[in-house]
Each structure stands twice: as structure tokens, then as C-alpha cells.
Amino acid sequence: MPAPVQPRTAPGADEIEAIARATLAALPGQFRAHLDDVVLIVEEIADDETLDALGIEHPLDLSGLYHGRPIGEKSSMESGALPDRIHLYRRAILEEWIETGVGLDELVAHVMIHEIGHHFGLSDADMHALETMAGEDGADGA
């Protein structure tokens, strides 16, 4: 008789954050150098104000969000601004994980790279290339 399947609890915010930080560490050095001041926040779901501002009706439709100005739009004359932030929304990520069957590490990395791409003002094609670099050889400090 096979052993009973033990129920597994959903990955918590700490696990999501650990995957996101591993994704950051795997990026090529020229990208990591510009991400030290970006704050990473893992929350359960986006708040109503954020959803309303983006025109999103259901909180599980938003898995990540970049708050800030892309590097190319920043000015040395700016002061007193909040730090740039990347929000990852745990429940939306878990919902997508269940629905798609994509590995959690891969999914969190995908969302993280997309939000990092906004920080750099990258196109979708550039974000895809960065995701590929992070998966292949990003940790070598290139």
C-alpha cells in the first residue's frame, strides 16, 4: 500500500522572498549593481488603491508591481523620493502556480525579472533576454 500523501502547506512569504532574492543574485553584475537600493516587498495581495489605480478588478490578477521611476528617467536633482520598490503578491503568484503548473522558482523568477525590467525601462524582448541570462550564467558576476 502506498504511503499516504502528506498535505503540503502553501509556500509562505519568506519562501517567495528567498526565491526572489536568489533571482536577483543570479543576474549579471551590470544589472545587480543598479538594484541595491530597490526594496523588495512580499505581500499577500495588492491593496484596493493599487488595484483601482491600475484598473484591475481582482487582486489575484496582479502578481507583481514595480513602484518607481526607471533608471533612465531619474534625475540627480530629485531628493526626498521614496525608494523604488518591487512588490510581489503571494496569493496571485500561488494561484498562477496552481493554474499553470509552472515551477514556483521559475514563476517567481519570471515575475521578478519582469518587475526588474520596469526598473531599467526594458522592453518585453529585453526582459525575456534578461530572464534567459539570469537562468544561464548570471551568477558569474558578468
Side-chain angles (χ1 to χ4, degrees), residues 2-3 5-142:
V5 175
Q6 295 295 319
R8 183 170 190 263
T9 58
D14 290 346
E15 188 171 342
I16 302 288
E17 182 175 345
I19 296 167
R21 294 204 180 278
T23 300
L24 286 171
L27 291 173
Q30 69 265 31
F31 288 97
R32 287 193 319 267
H34 298 283
L35 292 166
D36 287 340
D37 295 332
V38 177
V39 177
L40 175 62
I41 303 165
V42 179
E43 300 175 284
E44 285 300 298
I45 58 172
D47 60 39
D48 289 337
E49 181 180 345
T50 299
L51 295 170
D52 290 345
L54 296 171
I56 297 174
E57 292 185 22
H58 198 283
L60 297 183
D61 290 338
L62 183 64
S63 55
L65 183 65
Y66 169 73
H67 281 283
R69 290 185 47 175
I71 288 177
E73 296 178 15
K74 293 183 186 274
S75 166
S76 62
M77 302 305 282
E78 295 175 14
S79 66
L82 289 173
D84 293 349
R85 301 171 313 282
I86 292 176
H87 293 258
L88 298 180
Y89 300 110
R90 179 183 163 272
R91 288 185 44 206
I93 289 170
L94 295 180
E95 183 73 17
E96 188 172 342
W97 177 48
I98 292 166
E99 287 179 2
T100 64
V102 172
L104 186 61
D105 289 2
E106 183 180 345
L107 180 59
V108 171
H110 174 76
V111 173
M112 195 65 189
I113 297 283
H114 185 85
E115 302 315 325
I116 289 167
H118 289 302
H119 176 68
F120 288 104
L122 299 178
S123 69
D124 284 341
D126 290 337
M127 288 182 209
H128 180 70
L130 181 57
E131 192 168 6
T132 300
M133 283 190 285
E136 291 175 355
D137 60 359
D140 67 359

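Values reported hereafter were calculated over all heavy atoms of this structure, with side chains retained and with hydrogens, waters and symmetry mates removed.
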Task: Check against side chain to side chain contact (heavy atoms under 4.5 Å, CB included), H119 and V38 - done: CA-CA 9 Å; H119 176 68; V38 177; 3.6 Å; yes
- [ ] Can you establish whether the number of heavy atoms outside D36 located under 6.0 Å from its atom CG is more than 12?
- [x] yes
Task: Non-hydrogen atoms of G12 and R90 that approach each other most closely - done: CA-NE, 3.5 Å
TODO: Measure the spacing between CD of E95 and CD1 of I45 and express it to the nearest 0.5 Å.
DONE: 12.0 Å
Open item on the list: Quick check: closest heavy atoms across A46 and P59, and the distance to 0.1 Å?
Closed with: O-CB, 4.4 Å
TODO: Hey, could you give me the CD/CD1 distance between E44 and I16, rounded to the nearest 0.5 Å?
DONE: 9.5 Å
- [ ] Apply side chain to side chain contact (heavy atoms under 4.5 Å, CB included) to I19 and L107, showing your working.
- [x] CA-CA 10 Å; I19 296 167; L107 180 59; over 6 Å; no
Report, one line per pair, each donor and acceptor closer than 3.5 Å where one atom sits in a side chain of residues 111-118; sequence neighbours left out.
| residue | atom | partner | partner atom | Å |
| --- | --- | --- | --- | --- |
| H114 | NE2 | H118 | NE2 | 3.0 |
| E115 | OE1 | Y66 | N | 3.0 |

Open item on the list: Once rounded to the nearest 0.5 Å, what's the spacing between atom CG of D61 and atom CG of L54?
Closed with: 11.5 Å
Task: Salt-bridge criterion met for E17 and R21 (N-O under 4.0 Å) - done: yes
Open item on the list: To the closest 0.5 Å, what do you measure between CG (L104) and CD1 (I93)?
Closed with: 7.5 Å
Open item on the list: Please tell me whether H67 and D84 have a donor and an acceptor in their side chains that are separated by less than 3.5 angstrom.
Closed with: no
Open item on the list: Does any part of the side chain of P83, heavy atoms only, come nearer than 4.5 Å to the side chain of D37, both counted from C-beta?
Closed with: no
Open item on the list: Rounded to the nearest 0.5 Å, what separates atom NE2 in H87 from atom CG in D47?
Closed with: 8.5 Å
Open item on the list: Nearest 0.5 angstrom please: E15 CD to T9 OG1, how far?
Closed with: 8.0 Å
Task: Flag side-chain contact, heavy atom, 4.5 Å: T50 against Y89 - done: yes
TODO: Decide yes or no for L88 and I41: does some side-chain heavy atom of the first lie under 4.5 Å from some side-chain heavy atom of the second?
DONE: no
- [ ] Report yes if some heavy atom in the side chain of P11 is under 4.5 Å from a heavy atom in the side chain of L94; otherwise report no.
- [x] yes
Task: Smallest separation among heavy atoms of F120 and F31, with atom names - done: CZ-O, 3.5 Å
Task: Which atom of S63 lies closest to which atom of A92, heavy atoms considered - done: CA-CB, 3.8 Å
